[in-house]
Protein chains: 2
Amino acid sequence: MEPQVTDAPPVLALARLGAVMRRAFSVRMAEEAWAVDAGLRPGCFSVLRAVATGATAPSQRALGDQLGIDPSDLVGLLDVLEAAGYVERRRDPADRRRYAVEVTDDGRHAIEQFEGVAATVADDVFGVLAPADRQTLEDLLVRVITAHEDGAAVGGSSS
Amino acid sequence: MEPQVTDAPPVLALARLGAVMRRAFSVRMAEEAWAVDAGLRPGCFSVLRAVATGATAPSQRALGDQLGIDPSDLVGLLDVLEAAGYVERRRDPADRRRYAVEVTDDGRHAIEQFEGVAATVADDVFGVLAPADRQTLEDLLVRVITAHEDGAAVGGSSS
DNA sequence: CCCTATCGTTGGGCTTTCCAACGATCCAGT
DNA sequence: ACTGGATCGTTGGAAAGCCCAACGATAGGG
């Protein structure tokens, strides 16, 4: 049998795979007391890591553009992160409209924690592949993702 | 410096990429009159193609299990597809609880249409890679997806 | 014949995502 | 110095997707 389960352009299938990963991550994270107590949502970790990996403390708009998150949604995510003590909002002295978002030591520690959880999820999803193939897949994915993070919206809001 | 733009387990980044693809597909599909008139939503096409590619006319439960879609959500998607004339719900004579969902000729034609749109989206997303790398990536993704379609829930509702 | 399980369906709740508008602040031109 | 337009963060609400609980209709086993 084997009736062509997925065809050439697996667009919606990949979308579904992404949703599955997000949900799996959310479920695993719900078991971590430190995350639940702080009210951390899945999106918080994307933001936290973007803040930590960026060279300089970015503004919220720069964060939103990089991650493709609407600035209005970023507010709530940063509120949670700041309440948890993982980031700090400081006024940019050069432009007092902006906040310079900086990660704290606790924030860096939290990143290590949740990356362990992410690794578990990745094992569940990519574990079906041989190690070499898995490495190849992850490398290619990172290339695609970083290419689109650099500011190229795919098909959406071209105002 | 070189602060690791994306780390080893790109879990949330892949989730975001999937969301971007879904949205891009939705936007492109909103420009197609035949799709808008029928009220087709992104999920409809996953279902339609699953019905068409399956060997025998599946039941709605089988469809939901295969695609990871809740049976309750499948109802609305099939309602739209049936109203558009792309599928037909026939009572399974052997078990009158079940519907045997069959694709129509119009449905097959619609699949060709929307797969062209999906190819456009795939070009936008994967076009940043060299053709050989893109082919490798798509092959590996298909392998991962099919492996999880065969009935292995990743992290969520494992009863 | 009865009791349990399954199928499709309905309804509701939760989360994420997107969009419009508003005060505060910066910048350019006069 | 003042003013008009643009940008930043924030608020509020709308829309869509996903998941769970419950219900009638039907099938199957004791």
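In the text below, chain A, chain B and the rest are named by the order of the sequence lines, each starting its count at 1. Note: hydrogens, waters and symmetry copies are ignored here, and every other heavy atom, side chains too, is used.
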Along DNA chain C (nearest heavy atom to each residue), the more 5'-positioned of P58(B) and G68(A)
P58(B)

Whichever of D70(A) and A94(A) has the more 5' nearest nucleotide on DNA chain C, that residue is D70(A)

Looking at every strand, decide which applies to R91(A) at a 4.0 Å heavy-atom threshold: base, sugar-phosphate, or nothing.
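Nothing, no heavy atom under 4.0 Å.
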
Applying a 4.0 Å non-hydrogen cut-off, can you work out what R89(A) is touching in the nucleic acid: base, sugar-phosphate, or nothing?
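Sugar-phosphate: the residue R89(A), judged by heavy atoms under 4.0 Å, touches backbone atoms but no base.
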
Could one point to a donor on the side chain of D95(B) or the base of dC7(C) with an acceptor on the other under 3.5 Å away?
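Looking at the base of dC7(C), it does not pair with any donor or acceptor on the side chain of D95(B) (distance under 3.5 Å).
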
Would you say the base of dC18(D) and the side-chain of S72(B) have a donor-acceptor pair closer than 3.5 Å?
no

Is the shortest distance from a Lys or Arg side-chain nitrogen in R134(A) or E138(A) to a carboxylate oxygen in the other one below 4.0 Å?
yes

Test item: V117(B) and Q113(B) side chains (from C-beta on) under 4.5 Å apart, heavy atoms
no

Between [N] atom [atom2] and [X] atom [atom1], what is the distance in whole Å?
X      : N       : atom1 : atom2 : answer
D92(A) : dT25(C) : CG    : P     : 14 Å
Q60(A) : dT10(D) : CD    : C1'   : 9 Å
D73(B) : dG8(C)  : CG    : C1'   : 13 Å
L63(A) : dG9(D)  : CG    : P     : 9 Å
L74(A) : dG9(D)  : CG    : P     : 8 Å
L77(A) : dG9(D)  : CG    : P     : 14 Å
R98(A) : dT10(D) : CZ    : P     : 14 Å
D65(A) : dT7(D)  : CG    : P     : 12 Å

Look at the side-chain N and O atoms of [X] and state whether any lies under 4.0 Å from the OP1 or OP2 oxygen of [N].
X      : N       : answer
R23(A) : dC18(D) : no
R61(A) : dC8(D)  : yes
R97(B) : dT6(C)  : no
R96(B) : dC7(C)  : no

Can you figure out which of dT10(D), dG8(C), dC20(D) approaches the side chain of S59(B) most closely?
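Looking only at side-chain atoms, S59(B) lies closest to dG8(C).
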
Report the relative orientation of the aromatic rings in W34(B) and F45(B); use parallel for angles under 30°, tilted for 30 to 60°, perpendicular for over 60°.
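Perpendicular, since the angle between the ring planes exceeds 60°.
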
Between R16(A) and G68(B), the two heavy atoms sitting closest are NH2-O, 3.2 Å

Any cation-pi pair here, R90(B) with Y99(B), using under 6.0 Å and within 45°?
no

